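Bear in mind the structure is a predicted one, so any value in this text is a computation, not a measurement. So that the names make sense, note that chain A is the first sequence line, chain B the second, and so on, each numbered from 1.
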Amino acid sequence: MSQLELPTRFDPKDFEERLYRAWKEGGYFTPEADPERPRFSIVIPPPNVTGRLHIGHALVNTLQDILVRWKRMSGFNTLWIPGTDHAGIATQMVVERELAKRGIGRREIGREAFEAEVWKFKEEHGDAIVHQLERLGVSCDWTRMRFTLDEGLSAAVRHVFVRLYEDGLIYRDLSMVNWCPQCETAISDIEVEYEETEGRLWHIEYPLSDGSRRLTVATTRPETMLGDTAVAVHPDDERWRDLIGERVRLPLTDREIPIVADAVLVDPEFGTGVVKVTPAHDRNDYEAGVRNGLPQIKVIDETGRMTAAAGADFASLDRFEARKRVVAALEELGLLARVEAHVHSIGHHEKCGTIIEPMISTQWFVKIEPLAVPALEAVRSGRISLIPSTWEPTWFNWMENIHDWCISRQLWWGHRIPAWYCDACGEIIVSESVPERCPKCESTALRRETDVLDTWFSSALWPFSTMGWPEKTKDYETFYPTDALVTGWDILFFWVARMIMMGLRFTGEAPFQQVYLHGLVRDEHGHKMSKSKGNVIDPLEVVDEYGADAVRFTLAILAAGRDIPLARNRMQGYSAFATKIWNAARFAMMHVDTELEDASRIVREDLRPVERWILSRLNATTREVNRALSAYRFDEAAHAIYQFFWHEFCDWYIEMAKPVLLEKTGDRKALAQARRVLLEVLDRSLRLLHPFMPFITEEIWLKLEGVEPSIMIAPYPIAEEVLEDSEAEKLIATMQQIITTIRNLRAERGYAPKDRFRVVLQIPDRRSARAFEQNGYLLLDLARLSELVINEPIPEGAHRDHVGGIEIGVELPRKEISPEEIERLQKQIEQIEREIASTAARLQDEKFVSRAPAHVVEGARARETELRQRLEKLRQNLAASSV
RNA sequence: GCGGGGUUAGCUCAGCGGUAGAGCAUCUGCCUUACACGCAGAGGGCCGGCGGUUCGAAUCCGUCACCCCGCACCA
């Protein structure tokens, strides 16, 4: 018996680290690439290489680990590939900040030295986040760790780039882009976050060239007027029709600009119906400029300062300073008609918060429609499912309105675009390897493109580049496509959409079949976590405080598909659950012999009802957990097992088994059975729980001396029909109700725990009566009775009740009934009367009886009978009490 | 403007056509020999308003109100 002991004190710190090391060293996370076995594979959403673990990482990786451990135990050859993302802008920003602390500027040291610094930083701090993940118990295969800038992944990036270029899906063009003057790079449309802002609308007067009148235009950005190259009106607008083709004098400059007609740009209902046109600094104006053949005058440069083209008075001023000066100058000239408050949304760079400057720039783009259409179709046809499916409308909406993807970044950290320019003839060479000479003119004066790719370009290849693609590796053959992708909805378009597009195009397959989009972790009141609000929960801190298992379980049981309101008291609650498991295991081990190890399989027919009942309940729980996990309902799976383990196994089964286990009954056969079942239920429960709470389940399970060396490779329980037993379930449920009724009576009437009652049960059904005779001792302990008798007359004056066709008489010691208790009885009676009335009314409704399904009608009839019997008992009790 | 979500016990949320649920919080007893991180018991809700479908509606449909999230527009 000695090996089955657990220390009384329970502290996750005693074993978390030890067990994790043992798993890792045992190679359980590392599958063989065996194409014959059924497999389950998944790739991690790679965290930023210099990032710090936050609660969102804890969530996404807990959910993946639950799936992975569940599948692995269920017999699948399971691979979970971990890795990190080089995270272009984010990492460059971090390292720049670090260098700045040492007084070093990025530009001073130059590109090569800077890149070296980033690599150095990556080597020093890069894997911190990965080791932090280990604290959670994640079972990813660390031997297959990848980084988006690894040579293999970089080769995949070059390969894809070249093929897309050759297929005409990557082009280089002068176009309007979102420019971040802080980061000094172009960014894609989805990296711009818009925010409603209270701004101003300045009305400026532009005099006609002949001086005859003035046109008033309105703008939120007065400084851009310096780059105006036209004024536009609607072609059908009567007010201005005769002015089309005339010219205005652009104030603060010496230029004259035309009045053009543009039906797309101008809404005659809005403002004055006259629009200033700045083709170089506004997306709509840019397009209007193209339509009307207008010149583009760039008045703001890449750092957000005014250019020489803005005029001597404004050149080199910051754009916001220039705004003030322009407004002041206009006011002085009497050309500022008025200023209004105006709410509009302003785009910010999501990474640094800087206001985006729309700008004309030469960039590389992916022509997106040919990629988006198959991706849209893959979801429409069900080849890929989004879970929860509420994301599908959003998906279609986005895919149908998608714009070309600007993929070039003017950064130093990332995949350098594999393009070279021939200085001699201007040819552009796009190639996977470094070209020696220009294929057109043979010149060797080639300059490599300095831009790097958007980080998400390499992330888009992640599910297959991590497996060695484009090489036909064994891993790729075995584990691609992956089965599931788990990630947050916030990167549905940044990442998931692009993986699907690239996967479909380059591997011919959807990179995964199911996408589970988890909610965002928020604080207990549903607010976003942020440092400034002080409501951030640090996963490592709570793992220290409550243990990894409690944190994981909390995240899982809250993951219902919506945003997750996380509170510390929840984690505290589930750490209590871990303690409960520990103590239940301790209890079990106190009563289980090692000799039971070779006990033969349980023969169900021999078991007492209480054992058959708990096995049946466990079986139902097993079915529910598997079902819920298949549907990504982590909350339902966790809840089912929590409910079973605590409120059925601990609260009822263990208590019901005690009389036998403590050898009060002296029944040797029953004792052996109870021990065997206790062990069986504990073992299966631990295995069911393992994906959620890997550490504590392993720590206990190892003491049970199973066949396998670790619970993580023990078979996951599946429901077995042979364990179902509705008869035992019904019997025990009735007993539970009777026990609860008596306990309730004891509490409400204020009897002490030591007071024991004699109870008489009237059981008309002979079979049930016999079952109660044989198992009635359960009531003795759990309801604290002095005696239980079946089918004798209920004595005069006994308290009466009625449960499931059984009449109960409880002989209570003499005691005054409190007025509160009488009031409570009356309230109960009224409530039951109301319920009887409504049930009876339904049953008298001919339509209900004829149209409702038979079992519903039957249920109502039974209910009415039951209610009437209870009512009668309650009335008797009330009458007795008022004597 | 387009699309989506929410409104259920004090709080945070499940349930989504057949007798209102959980966790936490609250109240009352218990240190009952696995566990006071526990045990037992209790109180608390006309399931946002109004219509409709149905024998029957938190549950389906419509509508209104308030809240939230994408996307687009925003001179």
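For the pair Lys580(A) and Phe649(A), the NZ or CZ position fails the cation-pi test of under 6.0 Å to the six-membered ring centre and within 45 degrees of the ring normal. Because its NZ or CZ atom is both nearer than 6.0 Å to the ring centre of Trp652(A) and within 45° of the ring axis, Arg743(A) counts as a cation-pi partner of that residue.
Between the CG atom of Asn397(A) and the P atom of G5(B) there is a distance of 13 Å, given to the nearest Å. The separation between Asp781(A) atom CG and C39(B) atom P is 18 Å, rounded to whole Å. Trp395(A) has its CH2 atom 19 Å from the C1' atom of C2(B), to the nearest Å. Remark: P of A34(B) and CG of Asn583(A) are 10 Å apart, rounded to the nearest angstrom. Distance, Arg842(A) CZ to A57(B) C1': 12 Å, rounded to whole Å. The distance between atom CD of Glu198(A) and atom C1' of C74(B), rounded to the nearest whole Å, is 14 Å. Summarising the geometry, the separation between CD on Gln643(A) and P on G15(B) is reported as 16 Å, rounded to the nearest angstrom. Atom CG of Leu843(A) and atom C1' of U19(B) are 12 Å apart (whole Å).
Atom C1' of C66(B) sits at a distance of 8 Å from the matching atom of G48(B), rounded to the whole Å. Between A58(B) and C47(B), the two P atoms lie 7 Å apart (nearest whole Å). Using C1' as the reference atom, G44(B) and A9(B) are 6 Å apart when rounded to the nearest Å. Straight-line distance between the C1' atoms of A20(B) and G56(B): roughly 16 Å, to the nearest whole Å. Comparing C13(B) with G17(B), their C1' atoms sit 22 Å apart, to the nearest whole Å. Rounded to a whole angstrom, the distance from the C1' atom of A36(B) to that of C69(B) is 44 Å. Rounded to a whole angstrom, the distance from the P atom of G10(B) to that of U26(B) is 15 Å. Comparing the C1' positions of A40(B) and U54(B) gives an interatomic distance of 43 Å, to the nearest angstrom.
A distance of 11.0 Å separates OG1 of Thr278(A) from CG of Asn284(A), quoted to the nearest 0.5 Å. For the atom pair OG1 (Thr219(A)) and CZ (Arg200(A)), the distance works out to 13.5 Å, reported to the nearest 0.5 Å.
OP1 or OP2 of C39(B) lies within a sub-4.0 Å distance of a side-chain N or O belonging to Lys580(A). The side chain of Trp646(A) contributes an N or O atom lying less than 4.0 Å from OP1 or OP2 of C39(B).
The aromatic rings of Tyr642(A) and Tyr574(A) lie perpendicular to each other, with more than 60° between the two planes, well past the 30° mark.
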Protein-nucleic acid N or O pairs under 3.5 Å, nucleotides 10-14 of chain B:
from, atom 1, to, atom 2, distance (Å)
A14(B), OP1, Arg562(A), NH1, 2.7
A14(B), OP2, Arg562(A), NH1, 2.9

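Across all strands, Ala567(A) comes closer than 4.0 Å to no nucleic acid atom at all (heavy-atom distances). Using a 4.0 Å heavy-atom cutoff across all strands shown, Thr839(A) reaches no nucleic acid atom at all. Within the 4.0 angstrom heavy-atom criterion, no nucleotide atom of any strand lies near Leu662(A). If you check every strand for non-hydrogen atoms under 4.0 Å, Lys276(A) touches nothing. Contact annotation for His342(A): backbone-only contact, meaning every heavy-atom pair under 4.0 Å involves sugar-phosphate atoms and none involves a base. Looking at heavy-atom distances under 4.0 Å, Arg221(A) makes no contact with the nucleic acid at all. Within the nucleic acid shown, Asn284(A) comes within 4.0 Å of sugar-phosphate atoms alone, with no base atom in reach, counting heavy atoms only. In this structure, Glu835(A) reaches the bases: a heavy-atom distance under 4.0 Å links it to at least one base atom across the strands shown.
With a cut-off of 3.5 Å on both Watson-Crick or G-U wobble distances, the partner of U32(B) is given as none. For C60(B), the paired base is G52(B) (Watson-Crick or G-U wobble, both distances below 3.5 Å). The nucleotide A22(B) finds its pairing partner in U12(B), both defining distances of the Watson-Crick or G-U wobble pair being shorter than 3.5 Å. Partner assigned to C47(B) is none, using Watson-Crick or G-U wobble distances below 3.5 angstrom. Pair assignment for G1(B): C71(B), on the basis of Watson-Crick or G-U wobble contacts that are both within less than 3.5 Å. The nucleotide G41(B) finds its pairing partner in C27(B), both defining distances of the Watson-Crick or G-U wobble pair being shorter than 3.5 Å.
Remark on RNA chain B: of its neighbouring residues Ala576(A) and Phe848(A), the 5'-side contact belongs to Ala576(A), judged by nearest-heavy-atom nucleotide. Sequence order on RNA chain B of the closest nucleotides to Lys528(A) and Phe10(A) puts Phe10(A) first from the 5' end.
A pairwise comparison of heavy atoms in Asp285(A) and Lys276(A) identifies OD2-O, 3.4 Å as the closest pair.
Thr621(A) and Glu624(A) share no side-chain donor-acceptor pair at under 3.5 Å. At a cut-off of 3.5 Å, with distance as the only test, a side-chain donor of Tyr206(A) or Asp228(A) sits close to an acceptor on the other residue.
Here the two rings, on Phe577(A) and Phe553(A), have centers that are under 6.0 Å apart. Note: Phe634(A) and Phe692(A) fail the aromatic proximity criterion, with ring centroids not under 6.0 Å apart.
Between Arg863(A) and Glu835(A), at least one side-chain nitrogen of the basic residue sits less than 4.0 Å from a carboxylate oxygen of the acidic one, meeting the salt-bridge criterion. A salt bridge links Arg221(A) to Glu357(A): at least one charged side-chain nitrogen sits closer than 4.0 Å to a carboxylate oxygen.
Between the side chain of Thr394(A) and the base of C71(B) there is no donor-acceptor pair of N/O atoms closer than 3.5 Å.
The side chain to side chain donor-acceptor pair (under 3.5 Å) contacts involving residues 550-562 of chain A comprise Asp65(A)-Arg552(A), where partners must be two or more places apart or lie in separate chains.
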Fill in the blank from the handout: Letter by letter from the 5' end, nucleotides 40-47 of chain B scores (B base, S sugar-phosphate only, - none; protein heavy atoms under 4.0 Å) SSS-S---
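Of the candidate nucleotides C37(B), C73(B), C24(B), C37(B) has the atom nearest to the side chain of Thr579(A). When distances are taken from the side chain of Tyr642(A) to each of G5(B), A34(B), G23(B), the shortest belongs to G23(B). Distances from the side chain of Ser345(A) to the nucleotides C73(B), C35(B), G5(B) place C73(B) closest. Comparing A34(B), G18(B), C74(B) by their closest approach to the side chain of Phe270(A) singles out C74(B).
Taking the syn range as angles within 90° of 0, the glycosidic angle of A34(B) is outside it, so the base is anti.
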